[in-house]
Amino acid sequence: MQPFTTLTGLVAPLDRLNVDTDQIIPKQYLKTIKRTGLREGLFFDWRRKPDGSPDPEFFVNQARYRDATILLTRDNFGCGSSREHAPWALLDQGFRCIIAPSFADIFYNNCFQNGILPVVLKAAEVQALFQGVAAKPGYQLTIDLAAQTVRTPEGTTYRFDVAPFRKDCLFKGLDSIGLSLQHEPAIAAYEKRRKAEAPWLFADI
Amino acid sequence: MAAQTMFEKIWDAHVVREEADGTTLLYIDRHLVHEVTSPQAFEGLKLAGRTPRRPTTVLAVPDHNIPTTDRRLGIADPISAKQIATLEENCRDFGLTLFGMHDVRQGVVHVIGPEQGFTLPGMTIVCGDSHTSTHGAFGALAFGIGTSEVEHVLATQCLLQKRPKTMMIRVDGVLSNRCSAKDIILAIIGKIGTAGGTGYVIEYAGPAIRALTMEGRMTLCNMSIEAGARAGMVAPDEQTIAYIKGRPMAPQGALFDQAAKAWLALRTDPGAAYDRTVELRAEEIAPQVTWGTSPGMVIGVDGKVPNPKDMQDENMRQAAEHALAYMALKPGTPITEIAIDKVFIGSCTNSRIEDLRLAAGFAKGKKVAQGVQAMVVPGSGLVKQQAEAEGLDRIFRDAGFEWREAGCSMCLAMNADVLQPGERCASTSNRNFEGRQGKGGRTHLVSPAMAVAAAVEGHFVDIRTWS
Ligand code: SF4
C-alpha cells in the first residue's frame, strides 16, 4: 500500500447526500476478478447522459477537475454495500483523500486498506470548502496526516480526527495482514483458551 | 462484575489483543464467502504465499451472479461464469467448503448460513457483504467487511476493529394484523434515518421483537445496515435454540446442550447501559412502502408521497426532490394509487420458507394483475425444495407468478433479472437505490404480503384490510 503523508491537490466537488456504493461503481463492474482498471465504472450512471455520451455537467468530465486528487462530498458517503470496488475505482481515478461530514462505516474502513484517507470535517467546514471550490478554479487543499490538518488556500486550517493505529498504518503504508501475523503467538494462545471454554466453536463444519 | 450488554459479552470474548488506542485484534469464528468480493482476496493470499489459517471455518457459495433460470444451461454471461469458476478454483486450491451452483444447498449466502446451522449464537461472523448483519438474529456479532478484510480474516482468523457504540431499539406492544418484521425495520429506518445507526451495533428488544419468528428476526437484522449500523442483534432464547437444533453444521448431543446453556447466558444483564436507546410502539407501525431512493424514504401505505417543500433540512429537501424526480412521483399522491409493473419476492431479506408460506397464503386463488410481471426467487435450493414439497410453487404458478431457482436475482440485478428503465417494482429486497434493480428502474421496498397484494391489484393496497 502506498503511504500517505501529505497531499496537496485539486479538489473535486460532489454535492450529494448519501452517495451509495451502487452509485460510486455499479454492479456490472463487480464481475471483475482484478482490483485495477475500475476508473471507467466510477459514477457510471452520473457521468453519462441517457444517450451514453459524457455529461459535461458532471465533474469528472470537466477539465477543471480532471486531475483532482481530493473528493469533497456530503454526509454518509459510501453507504450501501461492502464492495471494495468503490475505493478501488476512486483510487483508479486518482483520489487519495475524501472529505465529508460523515462516512458509512464499511466504506470508511475500506479506504484505509487502500491508501485513501477519509477525512471527517464539520458540516459547516465542508460547506465552506464547497464555496471555496465553486469560487475559485484550481482550488487546492493541503492535507497533512501527521498534523491531522486540512489547509485551505485562504490559510484556514481545519483539524480532523483519525485513530492513532490507523494513522500509523496509513502513514507508513503498512500491510495490516503482516502486522497481525506478528501476533501469531497471541492468536494461538487465544484459540487454546477459547477451545477449552467453548469447544463447539472449534468443531469442523 | 458490571452489568454487560450482549454485544459487550461477545466482543470481550473475542479480543485477542488491544492497541493503545483501543484498536482491537478481534477473533473471527466463522467466515462466509461469495464470488463477488473474494477473488482479489484470494489473489492477494496467493501473491503473498499465504494460506487460510482455519479453512474449516469458511463456507463459500456463489449467489450474486447465478442465473435463476434452468442451471443446466450454464451461465450465459462469460464474465459472470469466470467469476464463479474463480471461486470454485480458489476453494479447491485452499480446501474450503463450497456449495456449488448445482448443489441443492446453494443459495443466498445469508440464507444458507442459518439454514445449515453454520450461524450460531455468541459467534463473530463476517462476510464480504454488508447484509451479514442478518446473522445477528441468532445473537451473533455478524458484520460485513471489504475484500482486504476478507483476505485478512482468511490469513489470520482475526480482524482489526474499533469497538462500536451500542444502541438499544425497543419495540413494545403487538404488531397489527398482517404487519411483519419488514414493516418494523422499515419504520425504524424511517425514524432514525439511513445514517442513524452509523458507528453502532443495534440490539433489538421488547415484546414485539420477542414475538417474531427466527425468520422475522433475520429480516429485521438484515436491514440494520440500511440504518447505517455495523450489526443488529437479537438475544437468543428457546426459539433460537429450537431453530438450530439438528441442523447439519450445528453441534450435536452433549456439545449442543453445553452450547445451548452458554447461548442463553448471552442476554444483556439487567441494568446494562447502552450509548443510545430508541423506542417504538408496534401498534403504530402501518405496512411500510418506500417512496424514494433510500430505505429511509419510507411511509405507511395509508400515507401520501411527502412534499419536499415541507422538509426543514435543506440537504434532505434536495435529496427528496432528486428522489421524486427519479421515481417519477408527485408529492401528495396516495401510496395506494401508485401502480407497479413488476413484483420481486426474494433476497436475503425475505426469501426464507416462512416468507414464501406467507406470500403463498395471500396468493392462493388469486391472479397477478394484467400487465404485471411477478416472480418468486427462493433464498436457497433447500427452501425451494421445501416449498415445492408443500405445494407452494403450484399456488404461485397458478396465480401467475414465475417460480425461479435460488439466488440474489433482482435484488441487485447482477444476473439476467433486471428492471427496464422507468419500470416500477414492488420488491421484498432491502435497497431502493437508484439503478439497484436495473438502470432507471424504480424500486419500492415492501413486505412479502404487501408485494403479493400489489401483484394482484396492480398497485399498492393496505394489506391490513385487503381481502
Ligand atoms: S440477496 Fe441482495 S442484499 Fe442479499 S446478499 Fe444477495 S445481493 Fe446482497
Margin query: So Leu201(A) and Met123(B), do their side chains get closer than 4.5 Å, heavy atoms only?
Written below: yes
Check: CG/Leu17(A) to CE/Met316(B) distance, rounded to the nearest 0.5 angstrom?
Finding: 9.0 Å
Margin query: Looking only at heavy atoms and a cut-off of under 4.5 Å, which of Asn18(A), Asn109(A), Leu179(A), Asn114(A) has the most pairs with chain B?
Written below: Asn109(A)
Next item on the list: Please look at Asp77(B) and chain A and tell me whether the side chain, the backbone, both or neither of the residue comes under 4.5 angstrom of a heavy atom of that chain.
Entry: side chain
Item checked: Any side-chain donor near an acceptor of the partner, Thr37(B) and Glu84(A), under 3.5 Å -> no
Margin query: What part of Ser80(B) gets within 4.5 angstrom of chain A, counting heavy atoms only: side chain, backbone, both, or neither?
Written below: both
Margin query: Taking side chain as everything from C-beta outward and backbone as N, CA, C, O, which of these in Glu35(B) sits under 4.5 Å from a heavy atom of chain A? Side chain, backbone, both or neither.
Written below: neither
Next item on the list: Against chain B, label Ala163(A) side chain, backbone, both or neither, depending on which of its atoms sit under 4.5 Å from a heavy atom there.
Entry: both
Next item on the list: Look at the aromatic rings of Tyr190(A) and His14(B) and report parallel, tilted or perpendicular, splitting at 30° and 60°.
Entry: tilted
Check: Does the side chain of Lys82(B) come within less than 4.5 Å of Lys31(A)'s, by heavy atoms?
Finding: no
Item checked: Contact winner vs chain B - Arg35(A), His85(A), Arg74(A), heavy-atom pairs under 4.5 Å -> Arg35(A)
Next item on the list: Tell me, out of Glu184(A), Arg166(A), Glu197(A), who's got the most heavy-atom pairs with chain B below 4.5 Å.
Entry: Glu184(A)
Check: Below 4.5 Å, heavy atoms only, C-beta onward: do Ser82(A) and Ile145(B) meet side chain to side chain?
Finding: no
Check: Salt bridge check: are Asp45(A) and Lys439(B) linked by an N-O gap of less than 4.0 Å?
Finding: yes
Next item on the list: Could you look at Ala123(A) and say if it's the side chain, the backbone, both or neither that has a heavy atom under 4.5 Å from chain B?
Entry: neither
Notebook entry, point to check: At a heavy-atom separation under 4.5 Å, does Asp204(A) approach chain B through its side chain, its backbone, both, or neither?
Noted result: both
Checklist line | Between CG on residue Leu26(B) and OG on residue Ser180(A), distance to nearest 0.5 Å | finding: 11.0 Å
Notebook entry, point to check: So which of Gly80(A), Ala104(A), Ala198(A), Cys79(A) has the largest heavy-atom pair count under 4.5 angstrom toward chain B?
Noted result: Gly80(A)
Margin query: Less than 4.5 Å to any heavy atom of chain B: does that hold for the side chain of Gln113(A), its backbone, both, or neither?
Written below: both
Item checked: From Thr86(B) atom OG1 to Ile33(A) atom CD1, the distance as rounded to the nearest 0.5 Å -> 4.0 Å
